[in-house]
Amino acid sequence: MPGAATTTAVDSRRCTQHAEGPATVLAIGTANPVNIVLQDEFANYYFDLTKSEHLTELKDKMKRICDKSGIEKRYIHLDEELIRSHPEIMDKHLPSLEARVDIAATEVPKLAKSAALKAIAEWGRPATDITHLIFSTYSGCRAPSADLQLASLLGLRPSVSRTILNLHGCSGGGRALQLAKELAENNRDARVLVACSELTLVCFSSPDESKIVGHGLFGDGAGVVIVGAGPLVNGERPLFEMVAASQTMIPGTENTLGMQASGSGIDFHISIQVPTLIKNNIHQCLLDAFQSVGNMDPNWNDLFWAVHPGGRAILDNIEGKLELEPSKLAASRNVLREYGNMSGATITFVLDELRRRWEKEEDEQHQPKWGVMLAFGPGITIETMVLRKPISRSLKEN
Ligand SMILES: CC(=O)CC(=O)SCCNC(=O)CCNC(=O)[C@H](O)C(C)(C)COP(=O)(O)OP(=O)(O)OC[C@H]1O[C@@H](n2cnc3c(N)ncnc32)[C@H](O)[C@@H]1OP(=O)(O)O
């Protein structure tokens, strides 16, 4: 009977639809715009660009922030030429959201494509083998959105299962990676392309006391990670095992970190309390994460660390609170120094930096086996993922 045959097929599919192994990161690619701004020249560059030289106190404050930021350079798509063709971006009294969204609609997926091509090349399989796409950005204000654009730019199959995450801010990368883990483990043979692409263009504005810290820290970049669970196929190489992931928010902090669309672009707010709030809550958050995998009393210095470098003070506070050796946050500090805070894309750069450091180290035996990834965003939301270095790189041939 056709009905019985269908039921049998559905039941049998339910038994076999899950992956055999844990989700793993299989490849990472990153990209930045070509325009580089040096941090020790940023105050002059920014106040000149925005014709705000007369705001001397604010400019001095920007210099102090830049000096203490731990950043050496940032990549910023917005340059003088773009501003000349869109003067409304500089004038908060003129509507500019439409112009910003128009530019971002092209540039955000384009930057993601550059990162994705590198990740796909490392992965070694055709782009048409991607089954799921998750795109995270704070620049999206239209549909169809950047996920569809990227799928077309990469020639993904029309049936690729797409999800767009919008305005998760700096925790967007962490959120997207958790979703990728769930998809990979629950859908046999799924290969999930996670793309995070961020351009400060949508929130760029002339100097303003309330946004000065963001303008002093944020940069542009895109990171792409390909995630898949076993059985891995010939050529696939696991970089990180994604052991367990969780999201939590710090109660009562809804108004401390946020973004909102306005006529003149995306407005943002970053409270001076953010580093302290993270410091006060990080220990319990980590204990919960490690207890969920049966490790009741982890030694934090035995782990490797991939922490979103939201700002130098956030890294300092985490290091101090957990009494971490200075080397533990070296990958995060290096990414902060070389790129600034690229919001949701930053965590992919940190993972990339970590694995590159491992590749250069000769003494693989003494590298930590377990690690943790942390990303922070509006809420304040903390995305945590317990990671593990893949036990074996020997793969199942097919
Ligand atoms: C958007 C998202 O989704 C998630 C994110 O990642 S949001 C970004 C998260 N990042 C942060 O919250 C920034 C963390 N802060 C820092 O890294 C550091 O405070 C800093 C680099 C900005 C300054 O370094 P510091 O060691 O604290 O120096 P400090 O001398 O205390 O501060 C320098 C100036 O910055 C000001 N400042 C620091 N944080 C500020 C904030 N959030 N807003 C406004 N001003 C701020 C201070 O008041 C001080 O001003 P004055 O010099 O006029 O007194």
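One-based numbering, in listed order, for ligands and for the atoms of each. Just so it is clear, the structure is predicted and the values come from calculations on it, not from any experiment.
You'll find the ring centres of Tyr138 and Phe218 outside the 6.0 Å limit. You'll find the ring centres of Phe268 and His215 inside the 6.0 Å limit.
Remark: Arg74 is positioned above the aromatic ring of Phe42, its terminal NZ or CZ atom under 6.0 angstrom from the ring centre and at most 45 degrees off the axis.
Ligand 1 is surrounded by Lys61, Arg64, Ile65, Lys68, Ser69, Gly169, Cys170, Val213, Leu217, Phe218, Leu257, Ile270, Ser271, Ile272, Val274, Pro275, His308, Gly310, Gly311, Arg312, Ala313, Ile314, Asn341, Phe376, Gly377, Pro378, each with at least one heavy atom closer than 4.0 Å.
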Query raised in the report: Where do Glu185 and Lys181 land on the salt bridge (charged side-chain N to carboxylate O under 4.0 Å, His left out) test, with the steps shown first?
Result: CA-CA 6 Å; Glu185 290 178 351; Lys181 166 180 161 54; 3.0 Å; yes
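When the options Asn35, Thr200, Asn32 are evaluated for a side chain to side chain donor-acceptor pair (under 3.5 Å) with Asp220, the one that passes is Thr200.
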Taking only distance into account, with no hydrogens and no angle test, what donor-acceptor pairs under 3.5 Å do side-chain atoms of residues 370-377 form with protein atoms, sequence neighbours excluded?
none

